[in-house]
A.B. asks: 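Structure below; questions to follow.
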Amino acid sequence: MQIFIVLAIPILLAIYALVDNSAKRIGITNALGYALMLFFSVTLFADRHIGTSHISFFDFIYLDALSVFFIFVISIIAFAAALYSISYICSDLQSALITQKKAKLYYLFFNLFCFSMFLVPSVNNLGMMWVAIEMTTLISAFLVGFYNTKLSVEAAWKYIVICSLGIIFALLGTILFSYAYSVLGESKSLNWTELYFAATRLDKNIIKVAFIFIMVGYGTKAGLAPMHTWLPDAHSQAVSPASALLSGVLLKTALYGILRFSIILNKSVGPEFVSHLFILFGMMSIAVAAGFVLVQKDLKRLLAYSSIEHIGIISVGLGLGGVFGLFGALMHIFNHAAAKAMMFFGAGNIVKAYKEHNMNSIRGVAKIMPFTGVMTLIGLFALSGFPPLAIFLSEISIAIAAFSHASYILGIVFLALLAIVFSAMIRDFSKMIFGNVPSGMKKVHEPFGVKSAMLLLFLQIALFSFFLPWIFKDNFWAAIKLLQGA
Amino acid sequence: MQIFTLFAIFLSVCLMAIAKRTQALVIAFRIQSFFLFLMTLLLAIEDGNIDLYIIAGLLLVLKVVAIPIFLLRISKRLKASENIGLFINSQLSLIALLVIMYISWYFSKMIFAYDGAAQIAMIAASLTTALCGVFIMIFRMTALTQIIGLLAVENGLFLLASTVSGGMPFIVEIAVFFDVFVSVIIMGIFVYRINKLFTHIDVDKLTLLKG
């Protein structure tokens with residue numbers, strides 16, 4: 001039942017954004033709405049105990065351990081982004097960057113975007129899932145091109161064209177799956193549950209070809225190299241809270257699309273085929289990202305490339321499989337979402353204060369904005385996998401998976417690339433956070449909404465992500481079992 | 001009759017590949033969609049299935065009437081968009097199309113287990129349509145042609161779905177139609193924005209973002 005509330009809240013908030021006229025009031029209502037949503041998604045998460053338990057209403061909605069996990073991650077980041085948006089949009093209004101009408105449109109698109117993201121993990125029909133993922137592209141294009149400058153419109157156009165073209169290959173893959181099912185002589189259906197139960201009878205060659213299309217198609221949306229070219233543009237030009245949503249969770253919803261198909265393949269043709277593809281694309285993404293992070297000048301683009309790296313890490317974890325690999329990948333999905341959202345909030349504050357994306361002219365953040373400086377530093381350590389923080393746990397778990405599978409070369413290359421990204425990020429950010437304040441810069445006021453959003457995410461990275469696997473132990477086990485195709 | 005519509009679709013693909021102006025491309029797309037509609041209507045009459053009638057109606061309303069009118073209006077308003085900047089000229093495009101056809105034919109023989117040549121030809125035609133759309137998106141570098149290319153890919157996949165598995169489930173088909181319609185409108189809005197900010201819609205000249 002909660003799933004209907006979860007899906008209804010963004011729609012209601014979108015309608016409210018059209019009715020009300022005060023941007024501040026809309027923002028606060030938004031944040032309250034997403035707090036409620038977070039509550040319901042946690043109850044949803046706590047509800048699913050055993051792997052077999054699922055509910056489906058007229059076969060349309062289907063929830064299992066994996067999908068409630070994704071819903072949970074999306075709702076945390078959505079709540080943080082809603083909190084952060086309040087003061088971000090208000091200050092944009094004050095500096096006359098946007099009009100009141102534009103602020104209302106922002107909240108409208110924000111909510112529709114969240115709705116489409118929540119729809120992806122909750123539908124049963126794979127065709128509807130495709131539609132939902134395509135909707136996320138179409139709606140978020142407005143958030144990318146929001147400021148209507150040359151740069152942002154160019155980024156939005158590239159985003160919409162490359163992602164639509166990429167995702168159409170996923171539709172081709174979906175059609176091939178439906179063909180493989182229809183030759184079994186049963187009534188036509190694209191419901192995941194039915195395909196899953198028929199998995200062992202599906203023609204192996206057809207679904208292998210289909211899965212390659214799915215991987216390329218949804219992989220484009222997930223930002224896997226070499227289809228990642230739209231990602232740095234779109235993520236760097238979007239409104240900062242939307243960047244956090246794009247990097248933190250949108251990429252993962254596309255990955256969820258791949259996972260749904262990979263479960264069917266694991267059951268049908270065995271894990272090898274899928275795992276090789278995941279490792280191939282994953283390692284390519286990490287390598288490409290490492291190269292670009294080293295030479296990056298633009299703050300938000302740096303974070304975007306880091307997202308490509310982390311999606312690569314998650315793919316490698318999924319590809320390696322086993323308890324360590326899958327546990328690491330699932331935890332990394334959560335940890336990266338929280339850490340990356342926090343970094344984008346920090347970057348949003350920095351860009352707002354300095355009116356500059358170029359990292360060479362940003363210096364002394366810690367003196368101008370003490371809170372943002374400290375939080376960005378912690379976020380940086382979290383993001384690059386520094387030991388006491390949560391991402392370390394998931395990365396080391398994936399590395400253990402590599403070594404325990406006796407893929408030593410893979411493990412060593414993986415760790416070496418992570419070290420490169422780590423050092424490059426520390427180099428860039430330490431200059432920005434410390435360093436001498438440029439002349440003429442004054443201390444900047446940091447509003448409560450921004451602080452609370454960053455604190456929330458800090459708690460996620462520092463505390464909650466350690467306890468999460470223990471609190472929801474059964475759920476994690478169920479998700480891992482499901483991913484193994486058992 | 002089915003073979004006739006098939007040839008007509010092939011013809012429309014060739015028309016798309018050699019079109020030099022935006023209007024011609026839109027009209028080729030309209031012809032393609034019309035024959036898709038005709039084919040779906042024939043299937044519906046044969047089958048007596050109410051769902052297929054609805055889908056055929058949607059094809060007629062959206063892809064034959066609404067979307068082409070919308071695209072033609074945009075291209076009329078943006079006078080700069082008369083020529084579609086061929087990266088590869090018409091003759092070479094036709095040769096490329098030949099290669100695409102052979103690849104599609106080979107692929108469909110490899111994957112699909114049908115005996116009848118007509119079935120394989122249908123699948124090859126649908127893949128050709130889709131790949132030709134991709135070709136147009138890559139080698140015709142204006143924003144409008146990219147929209148039309150995307151629509152052609154979508155047409156091809158629609159044909160593929162209705163050939164191999166008797167169409168996707170009804171609700172999915174409707175949702176995909178809705179999705180295509182929304183995406184054309186949203187992309188249209190962005191074409192206007194690009195034209196306003198850059199005073200042209202040549203995508204290959206959008207090179208501000210690098211690295």
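None of these values were measured; they are calculated from a predicted model. Letters A, B, ... mirror the listed sequences (proteins, then strands); counts begin at 1.
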A.B. asks: Would you call A/Lys158 and B/Val203 a side-chain contact if the rule is heavy atoms closer than 4.5 Å?
C.D. replies: no
A.B. asks: Please classify the contact between A/Thr149 and chain B as side chain, backbone, both or neither, with a heavy-atom cut-off of under 4.5 Å.
C.D. replies: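 Contact with chain B: backbone only.
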A.B. asks: For the interface with chain A, which of B/Lys196, B/Glu173, B/Gln146, B/Met110 has the highest count of heavy-atom pairs at distances below 4.5 Å?
C.D. replies: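 Highest number of pairs under 4.5 Å: B/Gln146.
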A.B. asks: Quick check on A/Tyr305 against chain B: is it the side chain, the backbone, both or neither that has a heavy atom closer than 4.5 Å?
C.D. replies: side chain
A.B. asks: For B/Phe181, I'd like to know if atom CZ has over 12 heavy atoms of other residues, nucleotides or ligands within 6.0 Å.
C.D. replies: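 At most 12 heavy atoms, drawn from other residues, nucleotides or ligands, come within 6.0 Å of this atom.
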A.B. asks: Identify the residues of residues 132-148 of chain A whose heavy atoms come closer than 4.5 Å to a heavy atom of chain B, ordered by number, or report 'none'.
C.D. replies: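 Within residues 132-148 of chain A, the residues under 4.5 Å from chain B are A/Glu134, A/Met135, A/Leu138, A/Ala141, A/Phe142, A/Gly145, A/Asn148.
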A.B. asks: Counting only heavy atoms closer than 4.5 Å, note whether B/Met137 contacts chain A via side chain, backbone, both or neither.
C.D. replies: side chain
A.B. asks: So for A/Ser189, is it side chain, backbone, both, or neither that comes closer than 4.5 Å to the heavy atoms of chain B?
C.D. replies: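 For A/Ser189, the contact with chain B is made by the backbone alone.
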A.B. asks: Below 4.5 Å from any heavy atom of chain B, which atoms of A/Phe292 appear? Answer side chain, backbone, both or neither.
C.D. replies: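 Just the side chain, heavy atoms under 4.5 Å.
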A.B. asks: Looking at B/Ile194, B/Leu127, B/Val182, B/Ile147, which makes the most heavy-atom pairs under 4.5 Å with chain A?
C.D. replies: B/Ile194
A.B. asks: Could you look at A/Asn125 and say if it's the side chain, the backbone, both or neither that has a heavy atom under 4.5 Å from chain B?
C.D. replies: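 For A/Asn125, the side chain is the part near chain B, not the backbone.
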A.B. asks: Quick check: are there more than 12 heavy atoms from other residues, nucleotides or ligands sitting under 6.0 Å from NZ of A/Lys102?
C.D. replies: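 Result for NZ/A/Lys102: enclosed.
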A.B. asks: So which of A/Ile160, A/Leu165, A/Ile206 has the biggest tally of heavy-atom pairs under 4.5 Å with chain B?
C.D. replies: A/Leu165
A.B. asks: Is it the side chain or the backbone of B/Phe177 that comes within 4.5 Å of chain A heavy atoms, both, or neither?
C.D. replies: neither
A.B. asks: Can you check whether B/Met187 reaches A/Trp157 side chain to side chain, under 4.5 Å on heavy atoms?
C.D. replies: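 They are in side-chain contact.
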A.B. asks: Rounded to the nearest 0.5 Å, how far apart are CG of B/Leu157 and CD1 of A/Ile175?
C.D. replies: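 Here the interatomic distance stands at 5.0 Å.
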A.B. asks: Considering the options B/Ile171, B/Asp179, B/Ile174, which one meets the side-chain contact (heavy atoms from CB on, under 4.5 Å) requirement together with A/Val131?
C.D. replies: B/Asp179
A.B. asks: Would you say that more than 12 heavy atoms from the other residues, nucleotides or ligands in this model lie under 6.0 Å from the OH of B/Tyr102, or not?
C.D. replies: no
A.B. asks: What residue in B/Val172, B/Leu197, B/Leu209 has the most heavy-atom pairs under 4.5 Å with chain A?
C.D. replies: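 When all of B/Val172, B/Leu197, B/Leu209 are compared, B/Leu209 has the most.
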A.B. asks: If I measure from the heavy atoms of chain A, does B/Ala143 come under 4.5 Å with its side chain, its backbone, both, or neither?
C.D. replies: both
A.B. asks: Between A/Ile168 and B/Leu150, is there a side-chain heavy-atom distance shorter than 4.5 Å?
C.D. replies: yes
A.B. asks: Counting only heavy atoms not in B/Phe190, do more than 12 fall under 6.0 Å of its CZ?
C.D. replies: yes
A.B. asks: Does a sphere of radius 6.0 Å around CZ in A/Arg427 hold more than 12 heavy atoms from other residues, nucleotides or ligands, not counting ones at 6.0 Å or beyond?
C.D. replies: yes
A.B. asks: Take B/Phe112 and A/Leu176 through the side chain to side chain contact (heavy atoms under 4.5 Å, CB included) test and state the conclusion after the steps.
C.D. replies: CA-CA 10 Å; B/Phe112 297 95; A/Leu176 288 177; 3.3 Å; yes
